[in-house]
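Scope of the values below: all heavy atoms of this structure, side chains included, with no hydrogens, waters or symmetry mates. Order of appearance sets the numbers: ligands from 1, and atoms from 1 within every ligand. Numbering of residues begins at 1 and proceeds along the displayed sequence.
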Amino acid sequence: MHVTGQQLRAALIDGTGKILETRDAAISPENTVERAATVAADLGSKTGNVLAIGFAIPGLVNRQTDVVSLSPDLPSTIRDGLHSDLMRATGLRVELENDANAAAYGEFKVGAGRESRDMFYMMIGNGIGGAIILDGKLWTGSSGFAGEVGHITIDAEGLECVCGNTGCLETVASAPSIVRRARERLNRDSTSSLSRLGLTKNFTADDVAHQANEGDDFALMMIERTGKYIGTGVASVINLLNIERIVLGGGVMDAGQLILNPIIQEAKRRAFQPCFEATQIVAAKLGRDAITIGAAMLAQDAALS
Ligand SMILES: [Zn+2]
């Protein structure tokens, strides 16, 4: 299961990670546990043999205590009894996990990370998350928070980030940051206009990517610059971990080669060359299902181990 602001997405998967059934439900802070239990019961009735539930949350999950420590998007999940309430309500083993960790595990098992042993995953969407898989296992750090690549500093003089630091990668390369940067530039440059770009007043990062795909110069430049920022972060990951494979997922990567190419070029330019040459940088394969598949596979593997 994967919860976001007002949505719960659940998938019933088999032992190979194949999705058998999915459910989407609207949730509120008050009814999340109850809705999760209803959906679990519904999916459970399809097979009668659900082993465990993986519950992915956009926030930091302390894996020692099974408590969400931080979640700007879903503050209602930060409470002591969430894990035990979910287990009681569903009658099943529940694994709470950070959404990027879950997506990384999904990509590693059945997506773009297959057949690698060590992998770094980056999820670039409304925020930027990351996860490290070493020797086939999620390496979550001493308290479960490892991989927060979105909060490495790209610009020491940059804008304030939700985390309190300034100039984090997330402040320039997340989907809302792309919109903000595009807006700032459009406001400065009187020859550019939203209408010329086919952008509406409330345009999104997807719209910018779409316009870039249509060949618009300005949109293309915005996507390329975003790729450069991400590539700068990727170079740091390469230098730090000398990792076999880096998988890039999340909504911002929907721009495809238009963003992947500048990421690879910038990583090549900045990373220590022998490390860069040892790393494959690839786009994720599972799309938005990565989180639900990965959460379920984490829970499955935990239950079987
Ligand atoms: Zn930050």
Side-chain angles (χ1 to χ4, degrees), residues 2-5 56-63 67-78 96-104 120-133 138-185 204-206 208 222-223 225-241 243 246-255 259 262-263 266-267 270-271 281 284 290-291:
H2 171 211
V3 284
T4 53
I57 290 172
L60 296 180
V61 179
N62 186 320
R63 297 283 289 141
V67 172
V68 180
S69 305
L70 179 79
S71 180
D73 294 332
L74 225 55
S76 62
T77 58
I78 308 171
L96 289 187
E97 191 52 86
N98 165 267
D99 54 0
N101 285 354
F120 188 86
Y121 174 79
M122 238 164 125
M123 186 163 70
I124 310 144
N126 281 332
I128 298 183
I132 304 165
I133 288 176
L138 202 54
W139 188 82
T140 57
S142 64
S143 48
F145 312 150
E148 287 297 332
V149 69
H151 302 286
I152 61 171
T153 304
I154 292 290
D155 176 2
E157 314 272 296
L159 291 177
E160 193 172 323
C161 180
V162 286
C163 75
N165 183 26
T166 52
C168 291
L169 178 59
E170 190 167 297
T171 66
V172 284
S174 66
S177 309
I178 295 171
V179 172
R180 191 204 67 238
R181 283 174 30 237
R183 244 178 227 293
E184 284 168 1
R185 232 185 145 85
T204 64
D206 277 350
V208 178
M222 293 312 300
I223 295 297
R225 293 220 166 164
T226 306
K228 280 190 165 194
Y229 289 130
I230 298 168
T232 305
V234 165
S236 296
V237 171
I238 289 173
N239 286 355
L240 191 66
L241 297 177
I243 200 127
I246 296 180
V247 175
L248 303 165
V252 170
M253 291 306 297
D254 289 348
I259 193 154
I263 290 172
E266 192 67 9
R270 291 185 180 270
I281 303 170
I291 301 173

Report task. Over all heavy atoms of both residues, which pair between Arg181 and Val172 is shortest? Give the atoms and the distance, please. Result ->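 Arg181 and Val172 have their closest heavy atoms at NH1-O, 2.6 Å.
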Requested in this report: Would you please name every residue forming a side chain to side chain donor-acceptor pair (under 3.5 Å) with Glu148, sequence neighbours left out?
Outcome: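 By the side chain to side chain donor-acceptor pair (under 3.5 Å) rule, Glu148 matches no residue at all.
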Query - Test side chain to side chain donor-acceptor pair (under 3.5 Å) applied to Thr171 - qualifying residues, sequence neighbours left out - result: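 Side chain to side chain donor-acceptor pair (under 3.5 Å) list for Thr171, sorted by chain: empty.
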Requested in this report: Report yes if the side chains of Pro176 and Asn126 come closer than 4.5 Å at any heavy-atom pair, otherwise no.
Outcome: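 Pro176 reaches Asn126 side chain to side chain.
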Could you tabulate the donor-acceptor pairs under 3.5 Å formed by side-chain atoms of residues 96-104, not counting sequence neighbours?
residue : atom : partner : partner atom : Å
Glu97   : OE1  : Arg63   : NE           : 3.0
Glu97   : OE2  : Asn101  : ND2          : 2.9
Asn98   : OD1  : Ala100  : N            : 2.9
Asn98   : OD1  : Asn101  : N            : 3.0
Asn98   : ND2  : Gly59   : O            : 2.8

Query - Main-chain N/O of Glu170 paired with Ser177 side-chain donor or acceptor, under 3.5 Å - result: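 Yes: the side chain of Ser177 pairs with the backbone of Glu170.
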Requested in this report: Using a cut-off of 2.8 Å, find all protein N, O or S atoms closer to the Zn ion (ligand 1) than that distance.
Outcome: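 Checking every protein N, O and S atom gives His151 ND1, Cys161 SG, Cys163 SG, Cys168 SG.
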